[in-house]
Amino acid sequence: MHKLENREEQSGTLTSVMAALWTLILVTASGIQAIDTSHPRNSAQHHLIKKLLQKYHKEVRPVHNWSKAITIHLDLLIHAVLDVDAQNQKLKTSVWYREVWDDEFLSWNTSMFDEIRELSLPLSAIWAPDIIINEFVDIERSPDFPYVYVNSSGTIKNFKLIRVVSVCNLETYAFPFDIQNCSLTFNSVLHTVEDVDLAFLRSREDIKHDKKAFLNDSEWELLSVPSTYNILESSAGNFAQIQFNVVIRRRPLVYIVSLLIPSIFLMLVDLGSFYLPPNCRARIVFKTSVLVGYTVFRVNISDEVPRSAMSTPLIGIFFTVCMVFLVLSLSKSILLIKFLHDEQHSGQERPLLCLRGDTDGDGTRMDPRTQLAGATESSSSCQEQQVQSGTLKEVWSQVRFINDYLRAQEQADQQEIKWLALLYRFDRLLFRSYLIVLGLYTITLCSLWSLWSGL
Ligand SMILES: *[C@@H]1O[C@H](CO)[C@@H](O)[C@H](O)[C@H]1NC(C)=O
Ligand SMILES: *[C@@H]1O[C@H](CO)[C@@H](O)[C@H](O)[C@H]1NC(C)=O
Ligand SMILES: *[C@@H]1O[C@H](CO)[C@@H](O)[C@H](O)[C@H]1NC(C)=O
Ligand SMILES: *[C@@H]1O[C@H](CO)[C@@H](O)[C@H](O)[C@H]1NC(C)=O
């Protein structure tokens, strides 16, 4: 019994060992098989690509009937606005560009190739349309996309992200409330519309309002991308053309804070200087300080305000006009002071100062009235001495001198009053023009802003 059990045990272990061995052999065999089928040469994809490209000539436009045009379906998604360069009239954008076309030589029966429905092929191996953007001026480093997708009915999808540096007519007069309209025109370089035609991949309404891919946190906001299809007629033939207009709008907040508000304050300070009397010397000092302030401000903002040869921003024009007013009123004040100073030297002294303490250097000069008083005093003491000598003639000449003096002073006073009145009138005129310009500035800015926000 013992032996029998032993034998049975032995045969049990034997069968288990054999089973383990067999499974090992099977696993290795299947492993070898698996290695064998994973070789690229044996994959269905390889067979398919080999079959597709064996007789393919990428030089041939992929249509069976040569007189039939091949239609390229285009699509454009604006990804980001990278730079708007008004000085060089260039726009740099990053766009998702999609081309889809049917290649009649690249189709297969899915049931013969392991139900493969879609396949990627190297772009360099197949025919591809020669579509360019007309406004291209600069090649930017864009990621390279070497593959295209082909499905079993021969539809080829070529998607890529490109950086476009394009020429654009940038208008800056409304800065910082400006809206730019730049176009990207796609057409074939060589093929006329009889060979290569263009069409939209999506509906034009969808393209116009699609902002899903747009990066929102830049200075520019995408408003819309309207598009048109047209045929360009030229001596070389008719070319199909698709134009996308990229309409973008600047976000002005940063410029309002750093440019408009300081500029308005400067103008108000300048306006305040008209409240100082025009014959006041402190006014010259004040106006000169404002002028220096303007200059410093203009130097500071020169980097922020876009410059272009064709159009100047309106705020730049307003600054120049304000400076003209400032310089006019400054030179008027200088003229006035000079005129009054000449008057002083011709024998009189007038108080030119509007501030009491501001008598620098003038304290040594005597008031004409005290001079006059001094003269009469000395003459009276003279009289005392000379009455005895009895020369009444001298007294008479003294009195005449006083009389002449007073008359000349009166005349000069009248002259001065005339001049002053004239200059006051001029000052008032300047003040009013300044107010009108400031009003115009405000109205223009407000209307630009409402135009900006209306779009
Ligand atoms: C695809 O191949 C299968 C089997 O080889 C055949 O039955 C079918 O008709 C083919 N289909 C087309 C569209 O040729
Ligand atoms: C291939 O793609 C095109 C466009 O997306 C589609 O119309 C067509 O039905 C697809 N063919 C197959 C076999 O899926
Ligand atoms: C943009 O410009 C094109 C012509 O270049 C014009 O047809 C289109 O109306 C303009 N769009 C806007 C919103 O100004
Ligand atoms: C940008 O904003 C629009 C709506 O204002 C939104 O539909 C879109 O998804 C945003 N894009 C990104 C990248 O956040």
Side-chain angles (χ1 to χ4, degrees), residues 44-45 47-48 51-52 62-64 70-76 78 81 84 86 89-91 93 95-121 126 129 133-136 147-159 164 166-175 177-187 197-211 214 220-232 241-250 310-311 448 450-455:
Q45 273 206 27
H47 279 303
L48 178 53
K51 194 207 157 247
L52 285 178
V63 280
H64 285 297
I70 183 165
T71 305
I72 317 289
H73 298 264
L74 299 187
D75 193 13
L76 189 79
I78 308 296
V81 174
V84 178
Q89 298 277 299
K90 281 197 294 200
L91 173 78
T93 42
V95 298
W96 274 108
Y97 170 61
R98 301 199 276 198
E99 287 173 342
V100 173
W101 70 92
D102 283 324
D103 192 320
E104 293 180 6
F105 303 148
L106 286 180
S107 55
W108 67 89
N109 184 341
T110 51
S111 52
M112 283 166 69
F113 292 96
D114 207 9
E115 299 297 321
I116 296 176
R117 300 195 171 276
E118 237 173 354
L119 183 75
S120 66
L121 283 178
I126 60 165
I133 302 177
N134 259 326
E135 288 86 359
F136 245 142
Y147 291 101
V148 293
Y149 246 127
V150 187
N151 77 6
S152 60
S153 50
T155 302
I156 295 179
K157 292 181 195 159
N158 183 16
F159 295 177
V164 188
S166 58
V167 281
C168 178
N169 185 17
L170 297 166
E171 290 286 353
T172 54
Y173 68 91
F175 174 85
F177 300 108
D178 47 345
I179 293 162
Q180 307 293 352
N181 178 1
C182 295
S183 52
L184 298 173
T185 314
F186 292 82
N187 62 281
D197 198 2
L198 300 179
F200 292 104
L201 188 59
R202 291 181 294 165
S203 82
R204 287 174 50 196
E205 271 306 300
D206 284 353
I207 296 175
K208 186 170 178 180
H209 299 296
D210 189 357
K211 298 171 198 168
F214 190 71
W220 294 87
E221 183 187 354
L222 184 70
L223 286 181
S224 62
V225 190
S227 47
T228 50
Y229 169 88
N230 53 299
I231 304 262
L232 179 76
Q241 206 176 50
I242 281 186
Q243 188 172 58
F244 296 96
N245 288 309
V246 182
V247 184
I248 50 176
R249 160 169 97 170
R250 196 192 292 268
M310 302 305 285
S311 64
L448 281 178
S450 68
L451 263 180
W452 174 91
S453 56
L455 268 173

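By convention here, the first residue in the shown sequence is residue 1. Ligands are counted one by one from 1 in listed order, and the atoms in each one are counted from 1 as well.
In this structure, Arg249 fails the cation-pi test against Trp220, since its NZ or CZ atom is not both closer than 6.0 Å to the six-membered ring centre and inside 45 degrees of the ring normal.
Around ligand 1 you find Asn109, Ser111, Met112, each with a heavy-atom distance below 4.0 Å.
Heavy-atom minimum distance, Pro129 versus Glu99: CG-OE1, 4.0 Å.
In this pair, Trp452 and Phe177 present their aromatic rings perpendicular. The plane angle is above 60°, beyond the 30 to 60° band.
Salt-bridge formation is detected for the pair Lys157/Glu118: a Lys NZ or Arg NE/NH1/NH2 atom is positioned less than 4.0 Å from an Asp or Glu carboxylate oxygen.
In the model, Gln241 has no side-chain atom that pairs as donor or acceptor with a side-chain atom of Thr185 under 3.5 Å.
In this structure, Tyr149 has its ring center no closer than 6.0 Å to that of Phe159.
Ligand 2 has no N or O atom lying under 3.5 Å from any N or O atom of Lys157, backbone or side chain.
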